[in-house]
Amino acid sequence: MPRASWRGFLRLSLVTCPVYLSPATTGTKPIRLRQVWQPAPVEVNEDALPDRSAGQQGSASSAPQLATDHTNPEAAQSRAATRIALRPHDPGTGEEIDKREIVKGYEYGRGQFVTLTPEELKALDVESSKVIDLEKFAPRGDLDPVYFDSSYYLYPDGPIAVEALRVIGAAMAEGGVVGLGRLTLSRRERMVVVEPRGTGMALFTLRAAEEVRAAQFGVAEGALDAEMVAIAKTIIAQRTGSLDPKTYRDRYQEALRELLEAKMKGLTVKPREIAAPPPVIDLMAALKRSLARGASGSKHTTPKKANKMAPDRRQPALLLPVPGGRKRNAQAATEPTAPAARRRKQATV
């Protein structure tokens, strides 16, 4: 059973069933670069160092260490780097503050706060803190994806709730609609949308209207060239395929990992040169070149050979399967038979 992050009830009119939420996504573990304290290297005056030939035991034991640190600045830097810690402190005196003395507060004026206790915040709970009331239903296509925020799975909480959740989900699936309601999470009431997923549902929190900025696109002037639109449509058709999120990788994290491994081995890393694409001056010519490149790539690559060929290393995360390969191969296989059939027909006449 997945871990519940919220427990409550799902209600459709007079039908109520206990449910619980579990996050549908998980955060990846990227390489974290921490803030560290790197003191400036101390310049050692060689004339001030004691004479090693003088036979002074105390000075002789410390002089080689200083000389080593001075001649190997990279080793000195690796030892001197220290992770910093940010702790709550009094801005006036700089003294550290006990975390148990920290409470919630609102600054209504400069330097003037009103504090709130956990009991006072708990008293603010509204109905949506425990109940997801399906107030309205709408087609899935009516929702603009820009409003989607976080995603969760809505599970039935107990065997009694399974049948009720399945009935509501089946009715929504047959009607082609999703349910809209409200849910309070982290002291914020948000609009949510739920849709059936097997024996459970998927729940998405929606952003409020004031959280979404209005688009400020320019006004389109003039009619588009129909031929250019047709060429662009053909290029898109050549690249159309099924979406597999597993084919996408974080190339920046991969490059950062390679950089860190190289530096830990003491290797010199040369910066990669990323060339900016040139501006498109002749749009029609660029479209035609793109169309010819896509056609030549699909013409000389069969599905069997494509499995053996090495992937394009320039943009491996953007390569998607191109449908229609079998159809083109089937057409190519049937074309040579047509002239032969015509010759046999002429011979019989």
Side-chain angles (χ1 to χ4, degrees), residues 1-34 85-86 88 99-100 102-104 116-137 140 143 145-173 177-208 211 243-250 252-254 257:
M1 177 183 296
R3 184 178 180 181
S5 60
W6 178 91
R7 269 190 161 87
F9 298 88
L10 179 69
R11 183 171 64 197
L12 174 62
S13 187
L14 300 178
V15 179
T16 304
C17 60
V19 295
Y20 67 92
L21 286 181
S22 180
T25 59
T26 180
T28 58
K29 295 182 179 180
I31 299 174
R32 298 181 60 182
L33 300 179
R34 303 184 183 276
L86 302 179
K99 293 183 179 180
R100 293 174 296 181
I102 300 176
V103 297
K104 300 291 183 181
L116 301 171
T117 64
E119 292 75 14
E120 291 173 332
L121 294 174
K122 181 65 176 177
L124 298 178
D125 287 350
V126 294
E127 186 182 25
S128 60
S129 301
K130 287 295 182 182
V131 180
I132 305 173
D133 193 1
L134 299 180
E135 305 170 349
K136 188 177 181 180
F137 296 87
R140 182 67 159 80
L143 299 175
V146 73
Y147 283 90
F148 282 77
D149 188 10
S150 300
S151 56
Y152 298 86
Y153 290 131
L154 191 67
Y155 293 94
D157 196 0
I160 300 178
V162 174
E163 184 179 10
L165 205 61
R166 289 182 60 191
V167 169
I168 297 174
M172 293 168 58
V177 295
V178 294
L180 300 173
R182 301 172 186 267
L183 176 63
T184 299
L185 291 173
S186 301
R187 299 191 182 93
R188 292 200 61 184
E189 187 181 49
R190 291 187 176 274
M191 288 289 295
V192 297
V193 55
V194 295
E195 61 180 14
R197 293 287 179 91
T199 57
M201 293 187 180
L203 182 144
F204 307 93
T205 58
L206 302 179
R207 300 182 185 274
E211 294 178 314
L243 174 62
D244 184 7
K246 296 180 181 179
T247 60
Y248 289 83
R249 305 193 313 273
D250 191 338
Y252 182 86
Q253 284 290 312
E254 293 178 354
R257 185 177 293 105

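In terms of heavy-atom proximity, T16 sits nearest to F9 at CG2-CB, 3.6 Å. Residues R7 and D157 share a closest heavy-atom pair of NE-OD2, 3.0 Å. Of all heavy-atom pairs between V178 and L143, the closest is CG2-CD1, 4.0 Å. Closest of all the heavy-atom pairs between L165 and G200 is CD2-CA, 3.9 Å.
From L185, atom CG reaches atom CG of L203 across 8.0 Å, with rounding to the nearest 0.5 Å. Interatomic distance, CZ of R257 versus CG of D250, reported as 8.5 Å (0.5 Å rounding). With rounding to the nearest 0.5 angstrom, the OG1 atom of T184 is 11.5 Å from the CZ atom of R187. Atom CD of E189 is separated from atom CG of L183 by 8.5 Å, given to the nearest 0.5 angstrom. Note that the CE atom of M191 and the CZ atom of R207 stand 15.5 Å from one another [nearest 0.5 Å]. With rounding to the nearest 0.5 angstrom, the SG atom of C17 is 11.0 Å from the CD atom of E163.
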Checklist entry - Checking side chain to side chain contact (heavy atoms under 4.5 Å, CB included) for the pair I168/M201: CA distance, chi angles, key distance, verdict? => result CA-CA 10 Å; I168 297 174; M201 293 187 180; 3.7 Å; yes
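For the pair W6/I132, a side-chain contact is recorded, criterion being any heavy-atom separation below 4.5 Å from C-beta on. At least one side-chain heavy atom of M172 sits less than 4.5 Å from a side-chain heavy atom of V194.
No donor-acceptor distance shorter than 3.5 angstrom exists from the side chain of S22 to the backbone of Y153, with no hydrogens or angles considered. Judged by distance alone, the side chain of S5 and the main-chain N or O of L21 form a donor-acceptor pair under 3.5 Å. In this structure, D133 contributes its side chain and E135 its backbone to no donor-acceptor pair below 3.5 Å.
Remark: R197 fails to qualify as a cation-pi partner of F204 under the 6.0 Å distance and 45° angle criteria applied to the six-membered ring.
The aromatic rings of Y155 and Y20 sit parallel, their planes meeting at an angle under 30°, below the 60° perpendicular limit.
Here the options are V15, L180, L10, V192, the test is side chain to side chain contact (heavy atoms under 4.5 Å, CB included), and the partner is L134; only L10 passes.
Other residues, nucleotides and ligands place no more than 12 heavy atoms under 6.0 Å from the CD1 atom of I160.
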